[in-house]
Amino acid sequence: MLMTPAPAFADNQDTIVIGQVIDLSSPNASLGRDYVAGIKTYFDMVNATGGINGKKIHYIARDDQSSAIVAARVTTELIENDRIDYLLGGIGESVTRAVLDTPAFKRSRLQLYAPLVSASSLKPGGKLVLWRPDYLHEVQHMLSHFGGLGITRVGIALQDEANNRQTLALVTSELKQRGLQLSGTARITVNEQQTEAEARKLAATSPGVVIVIGDTINTGMFLKAFRKSAPKIYVAGTSLINLETLRELAGSRAVEWTVFSQVVPNPNTGKSVLQREHQTMMVKYRDEPPSTLTLEGFAVAKTLAMTIRRGKQTGTLQDLGSNGSVDLGGMAVRGSTNQSLSSFVDIALFSKNGLLF
C-alpha cells in the first residue's frame, strides 16, 4: 500500500522533495546509477511540463556506498536536513533494513518506497512498499521456463553471504516442491582459484541449468570460471544483475547460454506507451542508452508521481484506479498491503546476436 500522506514538513510549499538512499560508488554501483538515471529522467519530464499539482519535484540521491552504517547516516540527513516528503530505497537487504531501523525514519511519517531488493524475507506493509516482485517469484518464473524444456537437474552457484544463504534455502525448497533434483552447489569466493575449482566440480554434476545467487561481479567471476568446463550449460540469474556490466566482466562468449529474469519489459522496443515514453525521454534528458534498470527507475518514478497527483492525503494506491489497478502505459501495478506493487516477470536470453526478450 503506497500511502500519500501530507508532506512530512510544512515548509516544502513550492516543491515536492523526494530523497533516495542508494549505492552510487561501490564496485556494484552500476545498478544504482542506472536506476537513478531512469528516476531522474521521469522527474525531469514532469518538471518540464509544470510539475505535480503546480509543484516542482526536487530529487536528491544520496550515496550509501553499499554500507548499512552510511545508509542510516544519509537517511537521517535526508529527513532532518533536506526535509524530504518521500523516500526511495537502495540496493540489497542489509541497506534496506538499516534504513527501516534508523530512528529518524521510524519517527517520521515516511514510507520506504521501492528499494532494489528481492528478499522474500522483507514483507511489504506499513513502513515498507516494494515495487518489484521478490526473488522467489523470479526464480519460480525461471524454473517454469526450464521445466518446459524438460530440464530436471539444477545446480546452484552461491555468493556465500548470510542473506544469500537464506535465499539458497528458498530455492532448494522450491526445487523439491517441483520435483527437481539439486545436482550440486558451488561457492563463489573472492579467491579465483577456489571459485574455479568449485565451478569445475559443479560442471561435473551435469546440471541442465545453474542458478546463480549473487551480485553482478560475483556472477561474472563464476561465469568466467564455469564456462571453461561447461560452455553450453544454461546459467540463470535474476533481475538484480546488470547485464551490460556482466558482459564486460565475463566476456561476450561467456554470457551466451545465460538467462535472466526481468521485472520490466524490453527497454529497447516500443511496444507500449511506457516503453516508448522511456526511450524518448532517455534520449532527451540522458546521454546514455536505456536499460532494464533505467526503465524500472522510470516506472517506479511514474508510479510515485501518479500516486502523489491523484491520491488523497490519507489515500492509498487503490485510489488511482478501479479495482486498485494503475496503468503505467501498458504495464499495470496494483495497490496491496502484503505484496509488491508489480508482479511483472519476463525472461531475457543472451545469444550470439545480443540480448533477446
Side-chain angles (χ1 to χ4, degrees), residues 2-22 24 30-63 78 82-90 110-111 113-114 116 129 131-132 263-313 315 317 319-321 326-333 341-342:
L2 180 56
M3 304 298 292
T4 54
F9 296 96
D11 58 357
N12 295 331
Q13 295 181 1
D14 300 321
T15 60
I16 298 168
V17 185
I18 299 174
Q20 181 155 26
V21 178
I22 193 161
L24 298 172
S30 57
L31 282 176
R33 289 192 291 267
D34 273 15
Y35 194 51
V36 166
I39 292 169
K40 289 175 66 175
T41 298
Y42 187 80
F43 289 155
D44 285 347
M45 182 186 77
V46 168
N47 283 339
T49 55
I52 298 176
N53 301 330
K55 294 185 177 183
K56 294 295 182 73
I57 296 173
H58 179 41
Y59 171 63
I60 308 166
R62 290 286 177 86
D63 185 6
L78 284 168
D82 297 300
R83 305 176 78 78
I84 58 173
D85 300 308
Y86 299 92
L87 179 63
L88 283 84
L110 299 168
Q111 291 177 304
Y113 170 57
L116 280 170
V129 179
W131 189 90
R132 56 173 25 237
V263 298
V264 290
N266 190 339
N268 295 305
T269 63
K271 293 183 178 180
S272 71
V273 171
L274 178 67
Q275 289 162 288
R276 292 193 297 272
E277 190 177 52
H278 168 250
Q279 286 180 322
T280 301
M281 294 302 125
M282 285 294 291
V283 171
K284 183 173 182 178
Y285 291 109
R286 304 272 93 80
D287 185 21
E288 58 187 279
S291 71
T292 54
L293 265 299
T294 61
L295 178 53
E296 182 176 350
F298 192 87
V300 161
K302 186 171 185 177
T303 303
L304 180 57
M306 291 177 71
T307 303
I308 298 170
R309 181 176 288 115
R310 302 183 193 177
K312 300 174 184 178
Q313 287 189 345
L317 192 63
D319 294 323
L320 299 182
V326 181
D327 183 9
L328 299 178
M331 181 180 182
V333 293
L341 300 183
S342 174

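Quick caveat, the model's predicted, so the values are computed rather than measured.
In this structure, N47 CG and H58 NE2 are separated by 10.5 Å, a value rounded to the nearest 0.5 Å.
Classification of D44 and K284 as a salt-bridged pair fails, no side-chain N sitting under 4.0 Å from a carboxylate O.
At distances below 3.5 Å, at least one donor-acceptor pair connects side-chain atoms of D85 with backbone N or O atoms of V17. D327 contributes a side-chain N or O that, together with a main-chain N or O of G329, makes up a donor-acceptor pair within less than 3.5 Å. Judged purely by atom type and a 3.5 angstrom limit, R33 uses its side chain to pair as donor or acceptor with the backbone of L24. Panel note: side chain Y113, backbone V300; a donor-acceptor pair is recorded below 3.5 Å. Remark: the backbone N or O of V21 is not paired with any side-chain donor or acceptor of R62 at under 3.5 angstrom. Within the 3.5 Å criterion, the main-chain N or O of I16 finds no donor-acceptor partner in the side chain of K56.
In plain terms, the two heavy atoms of L341 and T303 that are nearest each other are CD1-CG2, 4.3 Å. Residues L78 and I60 come closest through the heavy atom pair CD2-CG2, 3.9 Å. When every heavy atom of A299 is checked against every heavy atom of L274, the shortest pair comes out as CB-CD2, 4.2 Å. The two residues Y42 and A305 have their closest heavy-atom pair at CE2-CB, 3.6 Å. Here the shortest heavy-atom pairing between N268 and P290 reads OD1-CG, 3.6 Å. Nearest heavy-atom pair across I22 and Y35 is CD1-CD2, 3.5 Å.
Taking 4.5 Å as the limit, every side-chain heavy atom of M331 sits out of range of all side-chain heavy atoms of Q275. A 4.5 Å side-chain heavy-atom check between I57 and T15 finds every atom pair outside the cut-off. In this structure, the side chains of E296 and V263 come closer than 4.5 Å at one or more pairs of heavy atoms.
Neither side chain, T280 nor E277, offers a donor N or O lying under 3.5 Å from an acceptor on the other. Side-chain contact check for D34 and T294: no donor-acceptor pair (N or O, by modelled atom type) lies under 3.5 Å. Between the side chains of Q20 and Y59, a donor-acceptor pair is found at a separation under 3.5 Å.
Shown here is N53, whose CG atom has more than 12 heavy atoms of other residues, nucleotides or ligands within 6.0 Å.
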**Asked** Can you check side-chain contact (heavy atoms from CB on, under 4.5 Å) on L304 and W131, steps first, answer last?
**Response** CA-CA 10 Å; L304 180 57; W131 189 90; over 6 Å; no

**Request:** For the pair L293 and L116, evaluate side-chain contact (heavy atoms from CB on, under 4.5 Å) and give the outcome as yes or no after the intermediate values.
**Result:** CA-CA 10 Å; L293 265 299; L116 280 170; 4.1 Å; yes

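Partner T41 forms a side-chain hydrogen bond (donor to acceptor under 3.5 Å, both in side chains) with one of H278, E288, R286 and no other, that one being R286.
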